Amino acid sequence: MSDTPVPAAPSSAAAPKSMDAIMALCKRRGFVFQASDIYGGINGFWDYGPLGAQLKKNLRDAWWQDMVMNPAWGRKGPGGERVRCVPLETCIIQHPKVWEASGHLAGFADPMRKCPGCGHFVRADQYWDTIAQWSEWFNSLLQEYEPSVEGTQHPRINAERLFKWARGKGKRAAPNLALVRTPEVVLSFVAERIASQPASPPDLKEMTQYFGTAQPGATGLQQPCPRCGAPLGEPAPFKLMFETYAGLTQSEDNRVYLRPETAQGVFLHFKNVVDSTRVRVPFGIGNTGRSFRNEITPRNLTYRSREFEQAELEFFCHPDESMAWYTFWRDFRMDWWKSLGLAGENLILREHAKDELSHYSMGTSDVEYRFPFTAPGFGELEGIAHRGCYDLTQHQTHSKVKLDYFDTTRGETLPNGGKKGERYMPHCIEPAAGLDRGALALICEGYTVDPSRPSPEILKLHPRVAPIKAAVFPLMDKDGMPEVAEKLTDDLFAKFGKSGFIESDAKQSIGKRYARMDEAGCPFCFTIDGDTLKDQTVTVRDRDTGKQERIGIDKVSGYLGERLG
RNA sequence: GCGGGCGUAGCUCAGUGGUAGAGCAUCACGUUGCCAACGUGAGGGUCGAGGGUUCAAGUCCCUUCGCCCGCUCCA
């Protein structure tokens, strides 16, 4: 160690963490590997190494514990009652009609049109909306039109102004637009069109297509790219759901889909759960599992991958209470992520604007984390959506099975003191978390470079999720210390092995062993030294501060138990 | 899908057509004994993959795969 003064570590806001350094650590220490690595990798798929697998399992277990087994840490719901949830585990492949009912099939099969000029994708069914709202050149060109003849949709054109636009502004805004490339030719086709059918002049849409077409006789009218003006290619369905076949033949009849979200499996069993479990609305059903989306652009390690794991709760309640439950879960989910170490300004709750909501949603919030690759912006960790009664209603309609609920605690009071009951379609609040994104956020948040320490890279994982719970080191590999260390290791394994590794290492210098544990995110190291043999005490070293204290060897498991949460 | 950058040891990277390299890490032995100590040694590479040019390719050309960044997409 040098004696030269070390400058204070820059604050996290001033120096964004290096994603490259985080990725190197992930691979070096076995958190994340590229899937099919030795075959060159496969785009959009990532595997977890030993530490990553355990980190993610700890995150999943924490979710399971805090959302299903002891929901919301025992917080009372809006009505003052205990929150009730039950677990469920549903298949990745479900009946294909499920995705028809949920809207995923239609939504996912949207034909996309690709621009050969700039590679831009446009949804075929939203072409005119897109061009009117987003296209710079279109809106610039629009200003060159004369006002339309009163009472018609047909703008009048002024060939001279359009020509000037094509030679000037158009060149920059829409370099590939036919009108810009060959204005004389295009304008002559337009003049021809107007002269041939004076009774029905071209409207704005037709005119726009003329401007995007170099040879209408040869190609027919084409639709120009909203970005660069080149004629868009043929619509092709862009399927965001993975497909396969269940059965002997690869026929249309046997086509099935890998689920793009776990939630639908839960809705399908709403009635089964009510009928088989003594639950009453309000209650929740929790489900974790893999989902699949054929993302166009997988990016940023596990942040957007094509196979990922969700942890979703579908919480069913009476429509009148739904907003209160929405608020309840939204606030709890934020607190939950904070409790795992994502405290501070890197975590925000973002309420969606009205125009951002799905047509059925009465409110949606995202828990968002400032990842190094999104900074200064944020990336979604979890969405908490008020889905109304949309899903149950959809499945009721498509399956023709009644999914409404008869609530015997509501309705008029009967003469005998009971309630008449009320039949209604429950509303659903859905906190849906991405476990891979969560694990990645924990790694990014924990990753710390402290140049003042001899081992600058530290992974400050919360003890509850840390894959290595503790390390036991004999200071020297002799004089009876290894034997004491081995006994303590066995003891800690028995007590804490279910939630993480207990490391033990006698090789190399103590500093090197501490440093290795810092980088792997191990929160506590217990060191057996010469004094241990005399007075039965060990030193505890804290990962985040490097500070040490001395405790009795018989107090170690209690000490650890308190802090692992 | 487009544009740009990159791909050489576990990690970070050098290598300017002519013998495959360094630091760190890993392992062994010795020394040391509370913060990546020191010494000596060892293992580890189809230079992402395939093809081409050349007497000769990590290096030049083509194709392809993957990662990163910017667009784009994200029901």
Side-chain angles (χ1 to χ4, degrees), chain A residues 1 18-30 33-46 49 99 102-110 112-123 125-126 130 134 225-228 230 233 236 238-241 260-261 263 293-301 303-304 306 357-361 372-373 379-380 383 385 452-458 473-479 481 506-519 525-532 538-543 545-548 550:
Chain A
M1 248 181 31
S18 153
M19 203 57 210
D20 286 346
I22 292 172
M23 286 170 66
L25 187 145
C26 280
K27 168 133 200 223
R28 194 167 66 239
R29 290 297 173 196
F33 301 135
Q34 195 173 5
S36 303
D37 197 8
I38 63 171
Y39 285 96
I42 174 166
N43 192 348
F45 296 88
W46 298 89
W99 311 112
S102 69
H104 288 91
L105 203 50
F108 276 105
D110 279 333
M112 302 290 286
R113 304 187 63 180
K114 193 200 151 193
C115 170
C118 65
H120 189 85
F121 275 98
V122 183
R123 267 178 67 165
D125 59 327
Q126 293 179 354
T130 308
W134 300 108
C225 170
R227 198 159 72 170
C228 74
F238 202 103
K239 294 184 177 174
L240 288 172
M241 274 198 291
E261 65 171 25
R293 296 181 193 181
N294 190 12
E295 298 285 355
I296 299 170
T297 313
R299 210 53 74 92
N300 294 320
L301 206 62
Y303 181 77
R304 175 169 294 135
R306 290 179 168 143
L357 296 176
S358 314
H359 61 282
Y360 52 78
S361 180
F373 48 80
E380 182 184 346
S452 72
R453 279 168 64 155
S455 50
E457 282 186 299
I458 310 159
F473 297 146
L475 184 61
M476 294 174 250
D477 196 10
K478 59 183 178 187
D479 299 340
M481 295 180 203
K507 299 289 173 70
Q508 298 184 309
S509 75
I510 192 71
K512 207 171 252 191
R513 286 180 273 167
Y514 286 152
R516 263 201 292 264
M517 289 299 110
D518 285 347
E519 214 180 62
C525 296
F526 299 99
T527 302
I528 282 78
D529 58 19
D531 292 346
T532 307
V538 298
T539 57
V540 189
R541 176 200 179 259
D542 179 86
R543 174 197 61 203
T545 60
K547 294 223 171 76
Q548 293 186 22
R550 203 155 187 102

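Just so it is clear, the model here is predicted, and its values are computed rather than measured. Chain identifiers are assigned alphabetically (A, B, ...) following the order of the sequence lines, protein sequences preceding nucleic acid strands; residue numbering begins at 1 within each chain. FYI, side chains are in, hydrogens and waters are out, and symmetry mates aren't considered; it's all heavy atoms of this structure.
- Judged by distance alone with a 3.5 Å cut-off, no donor-acceptor contact links the side chain of A/Glu295 to the base of B/C74.
- A donor-acceptor pair is defined here as one N or O able to donate and one able to accept, closer than 3.5 Å; no such pair exists between the side chain of A/Trp46 and the backbone of A/Phe33.
- Base-pair partner of B/A28: B/U40 (Watson-Crick or G-U wobble, both distances under 3.5 Å).
- The side-chain contact (heavy atoms from CB on, under 4.5 Å) test applied to A/Ala263 returns A/Glu261, A/Phe267, A/Glu312, A/Glu314, A/Glu430, not counting sequence neighbours.
- At a threshold of 4.0 angstrom between heavy atoms, the contacts of A/Gly44 are confined to the sugar-phosphate backbone, with no base atom among them.
- B/U54 and B/C6: their C1' atoms are spaced 27 Å apart (whole Å).
- Residues A/Gly40 and A/Arg28 each lie close to RNA chain B; by heavy-atom proximity, the contact nearer the 5' end of the strand is made by A/Arg28.
- Both the sub-6.0 Å distance and the 45° axial angle are not jointly satisfied by A/Arg541 relative to the ring of A/Phe526.
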Inset, instruction - Would you check, one step at a time, whether the test salt bridge (Lys or Arg N to Asp or Glu O under 4.0 Å) holds for A/Glu295 with A/Arg306? - result: CA-CA 6 Å; A/Glu295 298 285 355; A/Arg306 290 179 168 143; over 6 Å; no
Interface polar pairs with nucleotides 26-31 of chain B, N/O, under 3.5 angstrom:
{"residue": "B/U26", "atom": "OP1", "partner": "A/Arg516", "partner atom": "NH1", "Å": "2.1"}
{"residue": "B/A28", "atom": "OP1", "partner": "A/Lys507", "partner atom": "NZ", "Å": "3.1"}

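- When each of A/Glu261 and A/Ala24 is assigned the nucleotide of RNA chain B bearing its nearest heavy atom, the one mapping closer to the 5' terminus is A/Ala24.
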Legend entry - Intermediate values then yes/no, salt bridge (Lys or Arg N to Asp or Glu O under 4.0 Å), A/Glu519 and A/Arg543: CA-CA 9 Å; A/Glu519 214 180 62; A/Arg543 174 197 61 203; over 6 Å; no
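- Comparing the same atom, C1', in B/A37 and in B/A25 gives a spacing of 16 Å after rounding to whole Å.
- Residue A/Tyr39 is classed as having no contact, given no heavy-atom separation below 4.0 Å to the nucleic acid.
- Counting distance only, with no hydrogens placed and no angle test, the side-chain atoms of A/Arg293 and the base atoms of B/C74 include no donor-acceptor pair under 3.5 Å.
- Residues passing the side-chain hydrogen bond (donor to acceptor under 3.5 Å, both in side chains) test with A/Arg516 are A/Asp505, A/Gln508, sequence neighbours excluded.
- Nucleotides B/G10 and B/C27 are separated by 15 Å at their P atoms, to the nearest Å.
- Pairing partner, B/G21: B/C13, with both Watson-Crick or wobble hydrogen-bond distances short of 3.5 Å.
- The phosphate of B/C67 has neither OP1 nor OP2 within less than 4.0 Å of any side-chain N or O from A/Asn300.
- Straight-line distance between the P atoms of B/C11 and B/G18: roughly 27 Å, to the nearest whole Å.
- Residue A/Leu301 is in sugar-phosphate contact alone, with no base atom involved, counting any heavy-atom pair closer than 4.0 Å across all strands shown.
- A donor N or O paired with an acceptor N or O is found under 3.5 Å between the base of B/C74 and the side-chain atoms of A/Arg304.
- Contact annotation: A/Ser455 side-chain N/O to B/A36 OP1/OP2 distance is not under 4.0 Å.
- The nucleotide B/U53 finds no pairing partner, because no Watson-Crick or G-U wobble arrangement with both distances shorter than 3.5 Å includes it.
- Taking atom P on both nucleotides, B/A57 is separated from B/U19 by 11 Å, rounded to a whole Å.
- Using cut-offs of 30° and 60° on the angle between ring planes, the pair A/His104 and A/Trp99 is perpendicular.
- Across all strands shown, B/G58 has no partner, as no Watson-Crick or G-U wobble contact with both distances under 3.5 Å is found.
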Inset, instruction - Would you sort out whether A/Asp37 and A/Lys27 count as a salt bridge (Lys or Arg N to Asp or Glu O under 4.0 Å), showing the intermediate values? - result: CA-CA 11 Å; A/Asp37 197 8; A/Lys27 168 133 200 223; 3.8 Å; yes
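- Under the Watson-Crick or G-U wobble criterion, with both distances below 3.5 Å, B/G70 is paired with B/C2.
- Separation of the C1' atoms belonging to B/U32 and B/C38 is 8 Å when rounded to the nearest angstrom.
- In this structure, the side chain of A/Ser36 does not engage the main chain of A/Tyr39 through any donor-acceptor pair within 3.5 Å.
- Within 4.0 Å of A/Gln34, counting heavy atoms only, lie sugar-phosphate atoms of the nucleic acid but no base atom.
- Straight-line distance between the C1' atoms of B/G17 and B/C13: roughly 22 Å, to the nearest whole Å.
- With both ends at atom C1', the span from B/U53 to B/U59 equals 13 Å, rounded to whole Å.
- Among the heavy atoms of the strands, none lies under 4.0 Å from A/Ser102.
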